[in-house]
Amino acid sequence: MNIADYKGVWVFAEQRNGELQKVSLELLGEGRKIADKLGVKLTALLIGNNVKGLSDKLGVHGADEVLVVEHELLENYTTDGYTKVICDLATERKPEILFIGATFIGRDLGPRIAARLSTGLTADCTSLDIDEEGKYLLATRPAFGGNLMATIACADHRPQMATVRPGVFSKVDSENKAVVEEIKVNLTDADVRTKVVKVVKEAKDIVDISEANIIVSGGRGVGNKENFALLKELADALGGTVAGSRAATEAGWLEAAYQVGQTGKTVKPTIYIACGISGAIQHTAGMQDSDMIIAINKDATAPIMKMADYAIVGDLNKVIPELIAKAKARKEEA
Ligand SMILES: Cc1cc2nc3c(=O)[nH]c(=O)nc-3n(C[C@H](O)[C@H](O)[C@H](O)COP(=O)(O)OP(=O)(O)OC[C@H]3O[C@@H](n4cnc5c(N)ncnc54)[C@H](O)[C@@H]3O)c2cc1C
């Protein structure tokens, strides 16, 4: 392999049912910076059936170029089909970097591609940079339960691959209009061994907390499932959503999809209200970039109080009802 032959940054633009996943746009935002540092093009890979219409959006969020691959066998994600398309393209066009969002699909796809291309993959990264001298990718990810941040480089193989955690990076807006190239592929049933019989969406109405603007989050200090109703009432009064620490999800007070932190979701709301949460590093890793943090805790020395913009020392069972009353009164005034 001659490394000098490999050029350009690629981002897999994951779409489901014709809708781009937010992490793909975040990746374009970060990919733009990486491509500019290297002085190369940023390319989005758009794969599916009847998805070409999404190209404009990829341009506006930073892509110089969109490679569109449409085929009826690519309508639904399959490991086989998508791996084949991406590996064929990467072998032919030789990108130096390939980023994939660490969604359920991305975590399935990334390792398959890396093994087929015999290259290195860093999973679930939370920070990306370019080495000033060597010009190679520096991919950083939490390891050992977040106690260690490992920065990993892939020196001798290309493309350098990373799956990247959703919610960590920000999307950028530009006036850019991407050059769109449609690529024809010959796929047969034999290429796609997985047959999607039916896509079942979980019937439960689960809110994606990483999209929420206001989050009222509860921890062990909430005490029991019933008390979470209080948090929900505050969230409703503020037009936000509830979330929680791992202590809260493990106790069964909240579903796992609502967990904030290193093994949960990363959130960046305008306001994060932490109720009865101590502020363990594994929790704060998922909410420290919130615009404003308000902490309610009995213990004035809890770590969360130090990082809070507003710290209320008190029993949440007394403080929250007062906040609810205030929020409701303001709503009525408005
Ligand atoms: C590998 C690994 C991964 C992890 N991933 C995550 C993760 O993704 N997310 C996560 O949250 N945790 C995670 N954890 C767990 C984390 O280390 C903490 O144990 C957890 O965040 C603690 O949750 P808590 O703050 O709700 O509970 P506690 O630490 O028990 O804090 C409860 C707080 O409530 C206060 N309190 C009690 N009663 C009241 C009251 N009536 N009014 C006001 N305040 C009150 C107490 O003073 C205390 O500060 C992980 C741990 C490991 C080892």
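Here, residue 1 is the first one in the sequence, and each next residue gets the next number. Both ligands and their constituent atoms are indexed starting at 1 by order of listing. Reckoned from all heavy atoms, side chains included, excluding hydrogens, waters and symmetry mates.
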Atom indices of ligand 1 within 4.0 angstrom of Gly314 heavy atoms, with elements: 42 (N), 43 (C)
Tell me whether Leu316 has any N or O atom under 3.5 angstrom from an N or O of ligand 1. yes
Anything under 30° is parallel, anything over 60° is perpendicular, the rest tilted; go ahead and classify Phe12 against Tyr82. perpendicular
Which ligand 1 atoms does Ala280 reach within 4.0 Å, using its non-hydrogen atoms? 16 (C), 17 (O), 18 (C), 21 (O)
Pick one of side chain, backbone, both or neither for how Ser278 approaches ligand 1, counting any non-hydrogen atom pair under 4.0 Å. both
Residue selection (non-hydrogen contact nearest atom 35 (C) of ligand 1) among Val313, Asn297, Ile277: Asn297
Check: Ala285 main-chain N/O paired with Gln262 side-chain donor or acceptor under 3.5 Å: no
Hey, which atoms in ligand 1 end up nearer than 4.0 Å to a heavy atom of Gly219? 26 (O)
Does at least one non-hydrogen atom of Ala285 fall below 4.0 angstrom from an atom of ligand 1? no
Is there a donor-acceptor contact under 3.5 Å from the side chain of Arg141 to the main chain of Ala123? yes
Regarding ligand 1, does Gly244 bring an N or O atom to under 3.5 Å of one of the ligand's N or O atoms? no
Check: Glu26 side chain, Gly167 main-chain N or O, donor-acceptor pair, under 3.5 Å: yes
For ligand 1, find out whether one of its N or O atoms is nearer than 3.5 Å to an N or O atom of Val260. yes
With a 4.5 Å heavy-atom cut-off, do Lys298 and Leu316 have their side chains touching? no
Could Glu30 and Arg32 be called an ion pair, given the rule that one side-chain N must be under 4.0 Å from one carboxylate O? no
Could you name the option among Glu250, His283, Lys318 that has the heavy atom nearest to atom 11 (O) of ligand 1? His283
Any donor-acceptor pair under 3.5 Å linking the side chain of Asp64 with the backbone of Leu42? yes
Ala248: heavy atom below 4.0 Å from ligand 1, yes or no? no
A student comparing Gln259, Arg220, Met305, Met287 should find that the heavy atom closest to atom 19 (O) of ligand 1 comes from Arg220
Considering only NZ, NE, NH1 and NH2 on the basic side and carboxylate oxygens on the acidic side, decide whether Asp88 and Lys84 come within less than 4.0 Å. yes
Counting only heavy atoms, tell me which of Ala274, Gly223, Ala247, Gly276 gets closest to atom 33 (C) of ligand 1. Gly276
Can we say Arg220 and Glu250 salt-bridge, meaning some charged N sits less than 4.0 Å from an Asp/Glu carboxylate O? no
Hydrophobic cluster (4.5 angstrom, side-chain heavy atoms) - remaining members for Val196: Val199
Note: heavy atom closest to atom 12 (N) of ligand 1, options Arg246, Lys265, Lys298, Gln262, belongs to Arg246
Just which atoms of ligand 1 are under 4.0 Å from any heavy atom in Gly264? 8 (O)
Under 4.0 Å from one or more heavy atoms of Asp315, ligand 1 contributes atoms 40 (C), 41 (N), 42 (N)
